[in-house]
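For the numbers below, each heavy atom of this structure counts, side chains included, while hydrogens, waters and symmetry mates do not. Counting convention: from 1, in listed order, for ligands and their atoms alike. Heads up: numbering here begins at 1 and tracks the sequence. Model, not experiment: these values are computed from the prediction.
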Amino acid sequence: MSYRETNQIEYIRSIKKKYGDRILIPAHHYISSDIIDIADFTGDSYKLAVDVASTDAEFIVFAGVRFMAESAAVLAKPDQKIFHPVHEAGCPMADMIDEKKAQAVFDKILAETGIKPAPVVYMNSYASSKAFTGRNGGAVCTSSNAAKIIDYYLSQDRPIFFFPDYHLGRNIADKINIPEDQIVKISKDLTFDKAATKDTKIYLWDGFCHVHQTFAVDDIKSARERYPDIWVTVHPECDRSIVAEANEFGSTQQIYDKVTASPEGSKWAIGTEINFVERLATENPNKVILPLRISPCFNMGKITPASIASILDKIDKSIQSGALLPRNVVVSDQLRSDASLALNKMIEIVEGK
Ligand code: 13P
Ligand code: SF4
């Protein structure tokens, strides 16, 4: 029976059963629950990158946005094939900078200060941005390890060019007490908000995630009016005013682990993507779990059971017929080799390897 004529979740389960470990479906926490239920593992962007790289599956159907599938393709073994179900499931933040603009910023910093900054690129970026970073001795970071990566370069007395998310960079700069006059914000026309000097510690590109920019300080106040002892945790892509008002910030996986480990009856207000917050509420029925506001990532929402079933159908047919199924996430050898320098540098700094 064709996957079109049957329940797509059932179809996905049947193909997974048929091929066992040969096919792997990793899913990001923001993906809808019906897909999370059939996924082999879930995680934030760091956990997924590391976990996928440690498997031997031949076919990896990545349930996440495109930059995540690309990162998996960079780290994958040569015979592993990564598939991304919907090409259009991109990330507007990743689109806010490209390699050319990153190079122009790097050159401007060098021209104005005589110092080459260490590029630190957020995982939420395309392979060409990661490749630029790798070529220039920098590292990728994710929201769970950005502080560690930034610390690493600052402790070597190297200023940092951080992109594309301004807010993550700014929240970490606040956390590690970088003074205001040592933080330079760079707008899209390459204007610096203050003069770059030899003392500048961090240059922040002005990118953002619209999903995390919807939260307001009043959302936190309303949650506290309802439950005075509620614990407010938010993603570091939120504005610093939200982070300052919240009790803490953390990456998706950090939020997941804390809420899951908290005692029954604990109360949480969470400022991040709604699919994830709703799933946490379902998985923790004896705790109060409120979203600060309903804020969906429409791009994650483009990954549906039908889109995954359609890729599995192609994989099934190619295995049956012996016909080659071309990869649909293709990263050139040069990009792969440069981007993997930056991804592996992150893993080396975080894992201490
Ligand atoms: P995490 O690094 O927390 O998985 O975040 C991914 C993301 O897309 C947040 O917007
Ligand atoms: Fe991109 Fe924001 Fe969606 Fe994350 S939540 S994938 S940063 S748009």
request  = Among all protein heavy atoms, pick out the one at the shortest distance from atom 3 (O) of ligand 1; state its residue, atom name and that distance to 0.1 Å.
outcome  = T252 OG1, 2.4 Å
Location of contacts on T272 toward ligand 1, heavy atoms closer than 4.0 Å = neither
key: Side chain, backbone, both or neither: the part of E237 lying under 4.0 Å from ligand 2 by heavy atom   = side chain
message = Checking I109 against F192 for the side-chain contact (heavy atoms from CB on, under 4.5 Å) test, could you report, in this order, the C-alpha distance in whole Å, the side-chain angles of both residues, the deciding distance, and whether it holds?
response = CA-CA 10 Å; I109 296 169; F192 290 6; 3.9 Å; yes
query = Is there a donor in the side chain of D34 and an acceptor in the side chain of S32, or the other way round, less than 3.5 Å apart?
reply = yes
Where A195 and V184 come nearest, the two heavy atoms and their spacing = O-CG2, 4.2 Å
request  = Please indicate whether any nitrogen or oxygen in T142 is less than 3.5 Å from any nitrogen or oxygen in ligand 1.
outcome  = no
Within-shell test, Y30 vs ligand 2, heavy atom, strictly < 4.0 Å = yes
ask   = Are Y256 and D44 close enough that a side-chain donor and a side-chain acceptor fall under 3.5 Å?
value = no
ask   = Does some non-hydrogen atom of H212 fall short of 4.0 Å from ligand 1?
value = yes
inquiry  = Hydrogens and angles aside, do E348 and N344 bring a side-chain donor and acceptor to less than 3.5 Å of each other?
reply    = no
query = So, K287 side chain and V259 main chain: donor-acceptor pair closer than 3.5 Å or not?
reply = yes
request  = Kindly say whether T113 contributes a backbone atom to a donor-acceptor pair with the side chain of K198 at under 3.5 angstrom?
outcome  = yes
message = So if I count the atoms of ligand 1 from 1 in the order they appear, which ones are less than 4.0 Å from some heavy atom of D44?
response = 1 (P), 3 (O), 4 (O)
ask   = Do K130 and S71 meet the criterion of a side-chain donor-acceptor pair at a distance under 3.5 Å?
value = yes
key: Atom CG of D21: over 12 foreign heavy atoms under 6.0 Å   = no
inquiry  = Among all the protein's non-hydrogen atoms, which is closest to atom 2 (O) of ligand 1, and how far away is it?
reply    = S45 OG, 2.7 Å
request  = Would you tell me which option among K47, E237, M93, H235 has the nearest heavy-atom contact to atom 10 (O) of ligand 1?
outcome  = E237
key: No-hydrogen, no-angle side-chain donor-acceptor test under 3.5 Å, S262 and S266   = yes
note = Checked atom 1 (Fe) of ligand 2: protein N, O or S atoms closer than 2.8 Å come out as C91 SG
request  = Heavy-atom contacts with N124 under 4.0 Å: which atoms of ligand 1 show up? List them by number with element.
outcome  = 7 (C), 8 (O), 9 (C), 10 (O)
task = Check salt bridge (Lys or Arg N to Asp or Glu O under 4.0 Å) between R240 and all other residues, then give those that pass, not counting sequence neighbours.
result = D174
inquiry  = Checking E237 against Y122: is there a side-chain donor and acceptor pair closer than 3.5 Å?
reply    = yes
request  = Name the closest protein heavy atom to atom 6 (C) of ligand 1, giving the residue it belongs to and the distance to 0.1 Å.
outcome  = H28 NE2, 3.6 Å
inquiry  = Regarding ligand 1, does Q253 bring an N or O atom to under 3.5 Å of one of the ligand's N or O atoms?
reply    = no
